[in-house]
Amino acid sequence: MNYSLLFFALLALAFTFSSADPPTIQDFCIPPDSHSNAKLVKGQYCKDPSKVTSDDFYSTRLRSGGDTSNKLGTAITPIFIDEFPALNGNGLAMSRVDYQKGGVNPPHLHPRASELFTVIEGTLLAGFVTTNPNNTYYTKILNKGDTFVFPVGLIHFQMNIGKSNAMAIAAFSSQNPGVVSVGNAIFDSHPPISPDVLAKSLLTSEVEITQQQLKQWIHIINFG
C-alpha cells in the first residue's frame, strides 16, 4: 500500500470537512434564546426539544423586500442563522434581493458559500470573475425563472437591465455565508487603509483614494 498517497488523501478529506459547516449530530438544534431554555443535547447546547414548536422552523422574513430608495437602487434581505436560528446545523441560507430599474448589487463575494441565484421577476445581468492569474469574466442575462451559480469565494454582481423592478432569491451552501463588498472593504474599512497602499495597489493617486474614502459608502444588506 502507498501510505504516502493514503496520508495525503486523508489530509485532503480532513480539509474538505473542516471547510464546511459543522455537521449535525441530531435531528435539529435550535439555538436557545435564554439560559433557562437551554438543554445539553448530544454535546451541544440547544433549545430544550420539549419546548420547540413549529414556529421555530417558520419565518415570514422574505415576504416583503427592503427599501431600494438608495443610490444603488437595491436592497438585500438575508435569512442567515442570525435571522433564522432554525438554520443551525443545516448548512444553508437564503436572501431576497430587490432592484429598482437600473439597480445594482455591486461586486462582492461570500467567503464561506457558493450561491444558487434565481430570478423571480425582471431581467438581470449577472456575472463573476475567476481567481488570478486568468481573471476570466463569466456573464449572462437572466430572465424570470433563470438560475445562475456563483462559485464560492468569487467576486460577482447583478444589475437590473430590464424596464421594471426586479426581484431574485439567492440560496447559499452555508448557514452563515458571509459577505465582503469589494468597494466597502477597500474604501470604507475601519480604520481606513493607508491611501499610499491603495494608490500604489490600484495604480492611481493618493488624492483620488482619499476622495473615495470620504464618500458615504452604502450598505444595502438589512441584517436583523
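Residues: numbered from 1 along the sequence shown. Side-chain atoms are counted along with the backbone in the values below, which use heavy atoms only and exclude waters and symmetry mates.
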Apart from Leu92 itself, its cluster of hydrophobic side chains linked below 4.5 Å comprises Leu62, Ile79, Phe84, Leu87, Met94, Ile120, Met167, Ile169

Quick note, salt bridge (charged side-chain N to carboxylate O under 4.0 Å, His left out) partners involving residues 92-111, not counting sequence neighbours, are Arg96-Asp98

Tracing side-chain contacts under 4.5 Å among Ile, Leu, Val, Met, Phe, Trp and Tyr outward from Val180 reaches Leu109, Ile155, Val182, Ile186, Phe187, Ile193, Val197, Leu198, Leu202, Ile209, Trp217

Connected to Leu116, directly or through other members, by ILVMFWY side-chain contacts below 4.5 Å are Val149

Residues 117-135 vs salt bridge (charged side-chain N to carboxylate O under 4.0 Å, His left out), sequence neighbours excluded, gives Glu121-Lys144

In short, ring-ring contact (aromatic ring centres under 6.0 Å, His included) pairs touching residues 51-71 with sequence neighbours left out are Phe28-Phe57

Across all chains, not counting sequence neighbours, the side-chain contact (heavy atoms from CB on, under 4.5 Å) partners of Ser64 are none

The side-chain hydrogen bond (donor to acceptor under 3.5 Å, both in side chains) partners of Asn143 (sequence neighbours excluded) come to Thr123

Residue pairs meeting salt bridge (charged side-chain N to carboxylate O under 4.0 Å, His left out), one or both in residues 183-211, sequence neighbours left out, come to Asp196-Lys200

Ring pair (Phe, Tyr, Trp, His ring centres under 6.0 Å) filter on Phe157, not counting sequence neighbours, yields none

Sorted by chain and residue number, the side-chain hydrogen bond (donor to acceptor under 3.5 Å, both in side chains) partners of Asn132 (sequence neighbours excluded) come out as Asn135

Residue pairs passing the salt bridge (charged side-chain N to carboxylate O under 4.0 Å, His left out) test with at least one member in residues 147-170, sequence neighbours excluded, are none

